[in-house]
Amino acid sequence: MSLVFEWPESTGAAIFKRAGFTWIIFDRRTPIDLAPLRAAGGQTITKIEQLPVEGSTVLRLLTQPGVSPSVRRDNYNWIIDFASQRMAPDNDVNVAAEIDSAIGSRVLVAVRDVRSVLRIPDP
């Protein structure tokens, strides 16, 4: 099962799993019609929601146990394939938890070639 996200220009993305959810984050904001994604997800994706995050597009999905994404690009489009597989990172990232930061607890993910810093709340 695949989800295709079409963009008119180069758009950065991060796809990862956290606390049982698959997160799909794009560094540009656009509203997503979730009805076709829910239909395409069938029984593989059991829940999908878009979180209201300024300046970015954030989707949070629940999948059947053992189902993970793999990611590929076609020009400006991001294609996320879901299958019974282990998730393998395309890039290593440094992750740091700051429990006592001045703005509250947070997780920092340092990556290369960043266009902007995104602040994403985790419900």
Side-chain angles (χ1 to χ4, degrees):
M1 198 281 309
S2 299
L3 300 178
V4 178
F5 297 92
E6 298 179 356
W7 294 92
E9 59 189 325
S10 181
T11 301
I15 295 91
F16 58 91
K17 292 188 99 165
R18 174 171 158 63
F21 286 89
T22 298
W23 290 72
I24 302 171
I25 302 173
F26 298 105
D27 68 356
R28 297 188 189 284
R29 176 82 178 139
T30 192
I32 302 283
D33 182 359
L34 297 179
L37 298 180
R38 287 184 178 117
Q43 294 182 6
T44 302
I45 297 175
T46 59
K47 179 180 180 179
I48 184 169
E49 62 186 338
Q50 183 170 7
L51 302 180
V53 178
E54 186 176 329
S56 59
T57 301
V58 179
L59 300 173
R60 202 169 74 128
L61 300 81
L62 269 178
T63 62
Q64 290 293 329
V67 172
S68 293
S70 58
V71 182
R72 55 194 165 100
R73 290 189 76 172
D74 180 22
N75 294 316
Y76 296 144
N77 300 333
W78 287 93
I79 304 161
I80 304 170
D81 301 307
F82 289 87
S84 292
Q85 61 188 355
R86 288 186 58 120
M87 188 170 184
D90 288 338
N91 298 306
D92 291 329
V93 295
N94 294 321
V95 179
E98 291 185 356
I99 296 171
D100 297 324
S101 97
I103 62 170
S105 297
R106 63 185 180 170
V107 176
L108 301 174
V109 181
V111 296
R112 295 183 314 256
D113 302 325
V114 174
R115 188 172 68 91
S116 60
V117 173
L118 304 177
R119 288 177 174 74
I120 315 248
D122 184 350

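Heavy-atom basis, side chains included; hydrogens, waters and symmetry copies ignored.
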Trp78 ring centre to Arg72 NZ or CZ under 6.0 Å, with the angle to the axis within 45°?
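Not satisfied by the 6.0 Å and 45° rule.
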
How many angstroms lie between [atom1] in [X] and [atom2] in [Y], if you round to the nearest 0.5 Å?
| X | Y | atom1 | atom2 | answer |
| --- | --- | --- | --- | --- |
| Leu62 | Thr44 | CG | OG1 | 13.0 Å |
| Leu37 | Ile32 | CG | CD1 | 6.5 Å |
| Ser68 | Ile15 | OG | CD1 | 12.5 Å |
| Ile25 | Thr11 | CD1 | OG1 | 14.0 Å |
| Tyr76 | Glu9 | OH | CD | 8.0 Å |

Does any non-hydrogen side-chain atom of [Y] lie less than 4.5 Å from one of [X]?
| X | Y | value |
| --- | --- | --- |
| Ile45 | Arg38 | no |
| Ser10 | Arg73 | yes |
| Phe5 | Thr30 | no |

Examine distances only and state if a side-chain atom of Gln64 and a backbone atom of Gln43 form a donor-acceptor pair shorter than 3.5 Å.
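Present.
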
For Lys47, is there any backbone N or O sitting under 3.5 Å from a side-chain donor or acceptor partner on Arg60?
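Here the side-chain-to-backbone pair does not exist.
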
Let me see the working for Ser56 and Asp27 under side-chain contact (heavy atoms from CB on, under 4.5 Å), right down to the final yes or no.
CA-CA 5 Å; Ser56 59; Asp27 68 356; 5.6 Å; no

Heavy-atom pair of closest approach, residues [X] and [Y]:
| X | Y | value |
| --- | --- | --- |
| Val67 | Lys17 | O-NZ, 2.9 Å |
| Pro69 | Thr22 | CG-CG2, 3.8 Å |
| Ser105 | Ile99 | OG-O, 3.1 Å |

Parallel, tilted or perpendicular, as decided by the 30° and 60° cut-offs, for the rings of Trp23 and Phe16:
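The rings of Phe16 and Trp23 lie parallel, inter-plane angle below 30°.
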
Report yes or no: do [X] and [Y] belong to one cluster of Ile/Leu/Val/Met/Phe/Trp/Tyr joined by side chain heavy-atom distances under 4.5 Å?
| X | Y | result |
| --- | --- | --- |
| Leu34 | Leu3 | yes |
| Ile48 | Val4 | no |
| Trp7 | Ile79 | no |

